[in-house]
Amino acid sequence: MQPFTAQVVEVIKAIPAGKVMTYGQVAAAAGSSRAARRVVWVLHSLSEAHGLPWHRVVNAKGEIALPGDEARFTQRALLEEEGVLFDGDYRVDLVQCRWDGGDREKDG
DNA sequence: AAGATGACTAGGT
DNA sequence: GACCTAGCCATCT
């Protein structure tokens, strides 16, 4: 297990219910802001790992990136169960549901 | 080594 | 906003 992979897992596990992170954010939190594609690979590698809130990871537009209607339906259902707001059939409201790894305020 | 793939992202038109 | 292009990096063949 590469350190990056372990970090990705930790980061995703740290996302609270009702919040989501983008691939780029997860990658950055794991140590590489360019590693969005690696995050993708990690998710594939962990696709058999149960207990990991993989559904809290979306693309930069807040859209569910999974291919296929069935998978998307599953992810959306999980997010809705957690209270994630949707701005479209398969698009999350990043303005309110994006999690940057801290609850620190930014308005200044 | 080289080519293809992937649940991506940023910039230009 | 939709479409295309360039960049990114590990993995598989």
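The chains referred to below are lettered A, B, ... by the order of the sequence lines, with proteins before strands, and numbering in each begins at 1. All of these numbers come straight from a predicted model, not from anything done at the bench.
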Separation of [N] [atom2] from [X] [atom1] (nearest whole Å):
X: A/W54; N: B/dG6; atom1: CH2; atom2: C1'; result: 16 Å
X: A/H44; N: B/dC8; atom1: NE2; atom2: C1'; result: 11 Å
X: A/K61; N: B/dA7; atom1: NZ; atom2: P; result: 15 Å
X: A/R38; N: B/dT5; atom1: CZ; atom2: C1'; result: 17 Å
X: A/L43; N: B/dT5; atom1: CG; atom2: C1'; result: 16 Å
X: A/L94; N: B/dT9; atom1: CG; atom2: P; result: 10 Å

C1' spacing across the pair B/dA1 / C/dT13, given as an integer number of angstrom: 13 Å
Between B/dA7 and C/dG7 - P atom distance, rounded Å: 23 Å
Would you say the side-chain atoms of [X] pair up with the backbone N or O of [Y], donor to acceptor, closer than 3.5 Å?
X: A/N59; Y: A/E63; result: yes
X: A/Q75; Y: A/V57; result: yes
X: A/E80; Y: A/A77; result: no
X: A/K61; Y: A/V92; result: no

Using a 4.0 Å heavy-atom cut-off, does [X] contact any base of the nucleic acid, only the sugar-phosphate backbone, or nothing at all?
X: A/A35; answer: nothing
X: A/T22; answer: sugar-phosphate
X: A/R37; answer: base

Span of DNA chain C in contact with chain A (heavy atoms, under 4.0 Å): C/dG7 to C/dT11
Along DNA chain C (nearest heavy atom to each residue), the more 5'-positioned of A/W41 and A/R34: A/R34
Of A/L85, A/V20, A/D87, the residue whose pairing with A/L94 passes side chain to side chain contact (heavy atoms under 4.5 Å, CB included): A/V20
Heavy-atom neighbours of A/R72 CZ exceed 12 at 6.0 Å: yes
Lys/Arg cation over aromatic A/Y90: A/R76, 6.0 Å, 45° cone: yes
